[in-house]
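In what follows, a single structure is set out as C-alpha cells and then discussed.
One-based numbering along the sequence shown.
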Amino acid sequence: MASISLRGVQKSYGDGAPVIRDVDLEIGENEFCVFLGPSGCGKSTLLRMIAGLEDVSDGDLFIGGQLVNAVPSAQRGVAMVFQSYALFPHMTVFENMAFGLKLAKTPKDEIDRKVREAARVLQLEALLDRRPKALSGGQRQRVAIGRAIVRQPGVFLFDEPLSNLDATLRGQTRVEIARLHKQFAKASVVYVTHDQIEAMTLADKIVLLHAGKDTERYGSIAQIGAPLELYHRPKSRFVAGFIGSPRMNFLPGKLASIDARGVSVKLDDSGETVRVGVDGAALSVGQPVTFGVRPEHLEMVEGVQDAPADTTHESSLLTRAVSLVEQLGEHSYVHLEEGEGVVLIAKAPGDTRLKQGDQAAFRAPAPVCHLFTEDGFAVASLESVEHYA
C-alpha cells in the first residue's frame, strides 16, 4: 500500500501557460480517489504525472513517502489500466496477464498462481487461452485490470477505463471495480473519468478539476471532498453545475433582504421572492446573486391556487407553465418556462398528470437551496442539508 502526496504540482509544455496549476493533494492508503472534470481539464495529465509518464514541471510528488519526481515509471510501484486496454493481440489472456511478472523475472509457479487467482476473481478462468480479438469489450477490460492486479502494486491508476464500453457494460464493470477495490483494499486507487455517475458511486474522495481560463484564475482544483459533500455543499457555481444530473437550476436575481434565518432573493425573470438558508452577513441588499436549486429538491404542489403553507421549514413557491414533460418510468422531469433561454427543471413522480401548457407549482425548501455571488462562489449555508438527502 502507498499514499500519494502532491505539493504545489504544476505541468507546462514549453513556454505556454500551465495546464496543471497549484495542485496540493493528499491521497491516503487504501483510498479510492477519482479525478473528475470536463474535457481538457488535465485529469489524464495529472494521472500520467503520478504514473511517471509525464514529467512534473514544478512542485513535488511523493508516493509512499518517497520523492518520485525523477524516479522512472517502472520503479514507482504503480500499475495503470488504460482506456484502450493496451493488450498484446498476439498473446493469450494468460500471457497478457503474466507479461509484467515475466519482465520482473518472477518464478513460473508464482506467475501461474497469481494469474489464475486473478482470473478466478475476474471470472476469466474459461478465457485464459483466448486472444484479445475473441473477447468482448468488457472481457478485454477485465483482462487489463487482471494484468494490473497480478503485480500487487501499492497504487492502481485507471485512465477512463469504461469510456469504450456501452451503457450496460459500463454499469457492470463499474460494479466489478468497486468490488475489486474492497477485495484488494490494501491498494490505493486513482481513477480518471468525466462521468459523474462513476465518480459518485466509486469514490471515497472526488477531486473536481477546473478547465480553461478557470484553471489560470483559480488553479486546477475546484473542490476536493466526499461525493455527497460536493453534492450538498458545493463551493462554487461550477461545482454545483457539474455535480448532479440534471444539473442544478440557476436563476439570476437580486438580494431583497437579510435576516438571522437566511436571505430573500427577488428573481429577475419572474419577480418572485425566494428564501435561501445561507449566512448573509457578508452580503448587501440589492447586490446581484444567483439562486440555485436542484430538480430533485423541488417538491410538487398539487393545488396551484391553494398551496399549503410549509409549517416545518421556510420555503418558496415557484409557479410556472409546463413546456415539456420527460416521462422516464420511475420519475418524470418537468420543464417549466422561466425566461428567454432559461428553463427550470423539476423532478416529479413517474405517473404525473402534468402536460404541456399546464400551470404547475413547486416548493423550494430554503435549507436545500443555494446562493452564489457574482464571482461564482457559494455563500455558506446556515445548517447541514443531510436531512434533505
Side-chain angles (χ1 to χ4, degrees), residues 20 23 25 27 31-47 81 83 141 156-181 189-212 214-215 218-250 290 292-298 326 328 330-333 335 343-347 368-370 372 376-378 385-386 388-389:
I20 299 291
V23 172
L25 175 63
I27 301 172
E31 194 167 40
F32 198 122
C33 179
V34 174
F35 292 168
L36 176 67
S39 297
C41 69
K43 303 182 298 291
S44 292
T45 300
L46 192 55
L47 187 80
V81 178
Q83 177 180 348
Q141 191 56 273
F156 284 103
L157 306 176
F158 291 85
D159 189 6
E160 301 207 45
L162 309 185
S163 60
N164 290 334
L165 306 181
D166 61 37
T168 301
L169 276 176
R170 275 203 306 273
Q172 292 173 352
T173 310
R174 185 175 71 240
V175 171
E176 287 182 3
I177 290 173
R179 177 177 59 82
L180 285 169
H181 178 242
V189 176
V190 184
Y191 187 105
V192 164
T193 183
H194 63 273
D195 186 329
Q196 61 165 295
I197 294 177
E198 288 179 32
M200 295 291 286
T201 55
L202 289 172
D204 298 319
K205 173 192 291 179
I206 292 177
V207 178
L208 181 57
L209 301 175
H210 281 127
D214 281 345
T215 300
Y218 304 114
S220 287
I221 295 179
Q223 189 170 342
I224 301 172
L228 289 181
E229 182 181 351
L230 270 66
Y231 175 82
H232 286 304
R233 292 178 286 278
K235 291 184 177 179
S236 67
R237 179 170 169 167
F238 168 75
V239 176
F242 198 90
I243 299 292
S245 180
R247 67 182 301 218
M248 183 181 288
N249 295 296
F250 296 112
T290 299
V293 62
R294 296 193 183 280
E296 57 270 29
H297 288 156
L298 288 169
E326 296 180 275
L328 304 178
E330 179 187 2
H331 57 265
S332 300
Y333 287 118
H335 294 240
V343 175
L344 181 66
I345 300 177
K347 188 176 182 179
V368 294
C369 295
H370 301 261
F372 305 93
F377 289 106
V385 296
E386 290 176 2
Y388 301 88

Take H335 and Y333, measure what ring pair (Phe, Tyr, Trp, His ring centres under 6.0 Å) needs, and give me the verdict at the end.
CA-CA 6 Å; H335 294 240; Y333 287 118; 7.8 Å; no
Walk me through whether V207 and C33 qualify under side chain to side chain contact (heavy atoms under 4.5 Å, CB included).
CA-CA 7 Å; V207 178; C33 179; 3.6 Å; yes
Between I345 and R247, does a side chain to side chain contact (heavy atoms under 4.5 Å, CB included) hold up when you go through it step by step?
CA-CA 9 Å; I345 300 177; R247 67 182 301 218; over 6 Å; no
May I have the step-by-step check of side chain to side chain contact (heavy atoms under 4.5 Å, CB included) for M200 and I243, ending in yes or no?
CA-CA 9 Å; M200 295 291 286; I243 299 292; 4.1 Å; yes
Starting from the C-alpha separation in whole Å, work towards a yes-or-no answer on side chain to side chain contact (heavy atoms under 4.5 Å, CB included) for I224 and I206.
CA-CA 6 Å; I224 301 172; I206 292 177; over 6 Å; no
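Residues T193 and E198 bring a donor and an acceptor atom of their side chains to less than 3.5 Å of each other.
With hydrogens and angles ignored, the 3.5 Å screen pairs a side-chain donor or acceptor of N249 with a backbone N or O of V293. In this structure a side-chain-to-backbone donor-acceptor pair under 3.5 Å is missing from Q223 to L230. Not one N or O on the side chain of H297 forms a donor-acceptor pair closer than 3.5 Å with the backbone of C369. Judged by distance alone, the side chain of S220 and the main-chain N or O of T215 form no donor-acceptor pair under 3.5 Å. Between the side chain of R294 and the backbone N or O of V368, no donor-acceptor pair lies under 3.5 Å. Under the 3.5 Å distance criterion, the side-chain polar atoms of K43 are left unmatched by any main-chain donor or acceptor of Y191.
Scanning both residues, H370 and H232, for their nearest heavy atoms gives CE1-O, 3.2 Å. Looking at every heavy atom in both residues, F238 comes nearest to P38 through CZ-CD, 4.0 Å. Between A378 and P234 the shortest heavy-atom distance is CB-O, 3.2 Å. For Q196 against G244, the heavy-atom pair with the smallest separation is OE1-N, 2.6 Å. For the pair H210 and C41, the tightest heavy-atom approach, listed with the atom from each and the gap, is O-CB, 2.9 Å. Residues S39 and A211 approach most closely at O-CB, 4.3 Å, considering heavy atoms.
The CD1 atom of I177 lies 12.0 Å from the CD atom of Q172; values are rounded to the nearest 0.5 Å. Expressed to the nearest 0.5 Å, how far CG of L36 lies from CD1 of I197 amounts to 11.5 Å. Here L209 contributes atom CG and F35 contributes atom CZ; the two are 7.0 Å apart, rounded to the nearest 0.5 Å. In this structure, the separation between CD on E229 and NZ on K205 is 10.5 Å, given to the nearest 0.5 Å. Taking CE of M248 as the start and CD of E296 as the end, the distance is 8.5 Å to the nearest 0.5 Å. With rounding to the nearest 0.5 angstrom, the CG atom of D195 is 6.5 Å from the CZ atom of R170.
For the ring-ring contact (aromatic ring centres under 6.0 Å, His included) test, residues two or more places apart in sequence or in another chain that qualify with F377 are Y218.
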